**Student:** 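Submitted below is the structure of interest, expressed as structure tokens.
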There are 2 protein chains.
Amino acid sequence: MTHYSGYDRFNIAVDCIIFGFDNEGLKLLLLKRSFEPAKGKWSLMGGFLKEEESLDDAAARVLENLTGLQNVYMEQLAAFGDVGRDPGDRVISAAYFALINIDDSDRALVEKHNAHWVLFKEVPDLIFDHNAMVIRALKRLRRKAATEPIGFNLLPEKFTLTQLQRMYEAVFQHELDKRNFRKKILQMNVLEKLEEKDKESSKRGAYLYCFNEQKYHDLISEGSTFGI
Amino acid sequence: MTHYSGYDRFNIAVDCIIFGFDNEGLKLLLLKRSFEPAKGKWSLMGGFLKEEESLDDAAARVLENLTGLQNVYMEQLAAFGDVGRDPGDRVISAAYFALINIDDSDRALVEKHNAHWVLFKEVPDLIFDHNAMVIRALKRLRRKAATEPIGFNLLPEKFTLTQLQRMYEAVFQHELDKRNFRKKILQMNVLEKLEEKDKESSKRGAYLYCFNEQKYHDLISEGSTFGI
DNA sequence: CCAAAAGTGTTATTAATACACCCATGC
DNA sequence: GCATGGGTGTATTAATAACACTTTTGG
């Protein structure tokens with residue numbers, strides 16, 4: 001016996017805007033829809049909410065189904081609830097965005113779903129209101145990446161300062177000054193400089209760094225903030 | 001015949017975080033819940049989504065039911081979807097926040113709903129996850145009010161610079177320097193100075209201003225941004 | 001030896017902050 | 001004439017932006 005009988009009930013979906021980053025730039029993981037309506041069209045990865053799971057759990061499940069990844073950085077963007085947004089039926093969708101390192105994703109799984117990493121600048125027409133979701137996700141990503149240390153989720157555990165700068169340049173879509181960038185990020189003292197060097201992209205080799213959660217907390221607790 | 005049969009369906013609620021402002025400070029419009037479960041407890045104003053309306057429409061309807069107001073500044077905060085968030089039944093709630101001028105609201109309607117304007121600092125324990133919604137709404141309000149001209153929605157059409165400053169002080173919960181504040185807001189050139197003076201709060205009288213949408217658009221289109 | 005990326009400080013400009021006195025008026 | 005809130009400018013400090021050369025090393 002429910003307390004709230006007599007009210008309309010709805011299908012609820014979660015749709016995932018999955019950001020990735022590599023040498024080519026900022027990318028989205030998109031797939032060709034395998035069922036009607038809009039079968040064969042480009043789409044975000046989605047799924048329906050189940051009775052026994054939270055929205056956050058559903059989004060994590062959908063992401064894991066596609067990428068094989070758990071414990072990924074995810075954040076709810078908003079709920080999309082226009083009446084005609086899905087021509088198949090009335091569906092309310094909670095959109096989530098995720099930041100992952102492309103190399104961590106399970107390539108076989110991704111291929112099985114007929115999914116592809118697409119450069120953000122080249123995102124095609126997507127079904128329903130998915131383009132609107134993507135645009136809002138980028139806006140949110142830009143804002144948050146500028147003020148919180150979430151961008152690191154797009155990189156491997158160990159990265160060079162140049163890689164880090166390229167990542168921010170891809171997110172913000174404009175170039176940064178190398179010296180000012182390094183000054184700023186190093187002054188915040190949230191990175192740990194490793195002994196190792198990366199020799200892949202230069203002969204000289206570049207020192208590898210990793211983000212240090214503890215250092216970040218120290219920064220915050222002394223009243224400072226992260227900012228690029 | 002629906003395309004998406006076989007998936008669970010859910011009640012969907014909208015809950016409204018209604019901000020107001022007067023001489024006493026920043027306030028929230030809260031009500032004592034008139035039905036089970038949690039009857040008699042403090043709560044946000046809410047309602048259930050109907051088949052024929054969008055989430056935004058539902059939020060606007062719920063707000064109008066309580067305040068009598070239409071065309072109010074409203075923005076979706078997020079969807080809240082934890083499994084046990086509402087002990088009455090599984091309900092997914094889309095939280096919206098609204099900014100209104102307290103004097104514009106229909107006092108009789110507000111009283112009829114057993115609703116009260118409560119100082120933000122004195123918000124009591126609310127049902128379910130409503131306190132969490134309120135905290136996130138304030139965070140969002142602070143961020144957006146600092147970078148977009150939404151704070152004006154908390155004031156009457158015509159206001160003095162002191163009123164404007166008090167509003168921002170109430171939102172940010174810290175004092176601002178009078179001269180720096182006036183310099184900043186006037187330099188942006190988004191206010192229109194009226195001939196009229198307000199004589200209510202001083203003998204000398206203070207010039208009234210109003211926000212000018214056109215001037216704001218001019219500011220934006222020349223590449224500048226609003227900021228307090 | 002040279003191409004290619006790594007690394008490194010200083011100056012100039014701009015924005016943010018701190019701060020105190022006179023003005024107008026109703027009582 | 002005095003208490004009350006309205007109104008105004010400058011100097012200091014901090015943050016941001018602009019900018020060019022040396023280093024290392026594999027080929």
Side-chain angles (χ1 to χ4, degrees), chain A residues 22-25 142 145-147 155-156 158-170 172-210 219 222-228, chain B residues 22-25 142 145-147 155-156 158-170 172-210 219 222-228:
Chain A
D22 63 16
N23 301 334
E24 297 173 77
R142 283 180 174 167
T147 55
L155 294 173
K158 302 169 181 180
F159 48 83
T160 66
L161 293 182
T162 301
Q163 276 180 284
L164 187 64
Q165 184 180 339
R166 296 281 172 269
M167 181 275 290
Y168 280 112
E169 287 173 338
F172 300 139
Q173 210 56 214
H174 62 75
E175 299 200 341
L176 299 169
D177 179 272
K178 182 164 62 160
R179 281 180 288 188
N180 293 338
F181 176 78
R182 286 170 182 235
K183 202 189 311 169
K184 197 159 196 177
I185 195 85
L186 292 174
Q187 273 174 3
M188 282 190 287
N189 193 33
V190 296
L191 298 186
E192 194 176 324
K193 187 176 185 172
L194 305 175
E195 297 301 318
E196 300 172 71
K197 283 192 171 189
D198 170 90
K199 297 281 233 173
E200 298 210 356
S201 56
S202 80
K203 296 157 183 175
R204 177 176 174 177
Y207 278 105
L208 286 165
Y209 290 78
C210 66
L219 179 82
E222 77 189 15
S224 304
T225 54
F226 182 91
I228 298 297
Chain B
D22 63 16
N23 302 333
E24 297 173 78
R142 283 182 174 166
T147 54
L155 294 173
K158 302 170 182 180
F159 49 82
T160 67
L161 294 181
T162 301
Q163 276 179 284
L164 187 63
Q165 184 180 337
R166 296 281 171 269
M167 181 275 290
Y168 280 112
E169 288 174 336
F172 300 140
Q173 210 55 212
H174 62 74
E175 298 200 342
L176 300 169
D177 179 272
K178 182 164 63 161
R179 281 179 288 190
N180 292 338
F181 175 78
R182 286 170 182 235
K183 203 190 309 170
K184 196 159 197 177
I185 195 86
L186 292 175
Q187 273 175 4
M188 282 190 286
N189 192 33
V190 295
L191 298 186
E192 193 176 323
K193 186 177 186 173
L194 306 175
E195 296 301 319
E196 300 172 71
K197 283 192 170 187
D198 169 90
K199 297 279 234 174
E200 298 210 357
S201 55
S202 79
K203 294 155 187 181
R204 177 176 173 177
Y207 279 105
L208 286 166
Y209 290 78
C210 66
L219 179 82
E222 77 188 14
S224 304
T225 53
F226 181 91
I228 296 297

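Chain naming here is simple, since letters A, B, ... match the order of the sequence lines and numbering starts at 1 in each. Note that this is a predicted model, so its numbers are computed, not measured.
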**Student:** If I take atom NZ from residue B/K158 and atom CD from residue B/E192, how far apart are they, to the nearest 0.5 angstrom?
**Tutor:** 10.5 Å

**Student:** Could you tell me the separation between the CZ atom of B/F159 and the C1' atom of D/dG6, rounded to a whole number of Å?
**Tutor:** 16 Å

**Student:** Does A/R179 place a side-chain N or O at less than 4.0 Å from the phosphate oxygens OP1/OP2 of C/dG7?
**Tutor:** no

**Student:** Test for a donor-acceptor pair under 3.5 Å between the base of D/dT24 and the side chain of A/K197, counting only N and O atoms.
**Tutor:** no

**Student:** With a 4.0 Å cutoff (strictly under), does any side-chain N or O of A/T162 reach OP1 or OP2 of C/dA5?
**Tutor:** no

**Student:** Could you tell me how far apart A/D177 (CG) and D/dA15 (C1') are, to the nearest whole angstrom?
**Tutor:**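 Taking CG of A/D177 and C1' of D/dA15, I get 15 Å after rounding.
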
**Student:** Distance check needed: C/dG7 C1' versus A/I185 CD1, whole Å only.
**Tutor:** 16 Å

**Student:** Considering heavy-atom distances to DNA chain C, does A/K203 or A/T160 have its closest nucleotide positioned more toward the 5' end?
**Tutor:** A/K203

**Student:** For A/K184 and D/dA15, what is the distance between atoms NZ and C1' respectively, to the nearest whole Å?
**Tutor:**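 My rounded result for the distance is 8 Å.
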
**Student:** Between D/dG9, D/dA18, C/dA16, which nucleotide has the shortest distance from any of its atoms to the side chain of B/N180?
**Tutor:**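 Among the listed nucleotides, the one closest to the side chain of B/N180 is D/dG9.
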
**Student:** Is B/K183 side chain donor-acceptor paired with the D/dT10 base, going by distance under 3.5 Å alone?
**Tutor:** yes

**Student:** Answer with yes or no whether B/K178 presents, from its side chain, a donor or acceptor under 3.5 Å of a partner atom in the base of D/dG7.
**Tutor:**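 Counting by modelled atom types and ignoring angles, a donor-acceptor contact under 3.5 Å is found here.
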
**Student:** Tell whether B/R204 reaches the base of D/dA3 with its side chain through a donor-acceptor pair below 3.5 angstrom.
**Tutor:** no

**Student:** Below 4.5 Å, heavy atoms only, C-beta onward: do B/F172 and B/I228 meet side chain to side chain?
**Tutor:**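 SC-SC contact between B/F172 and B/I228 confirmed.
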
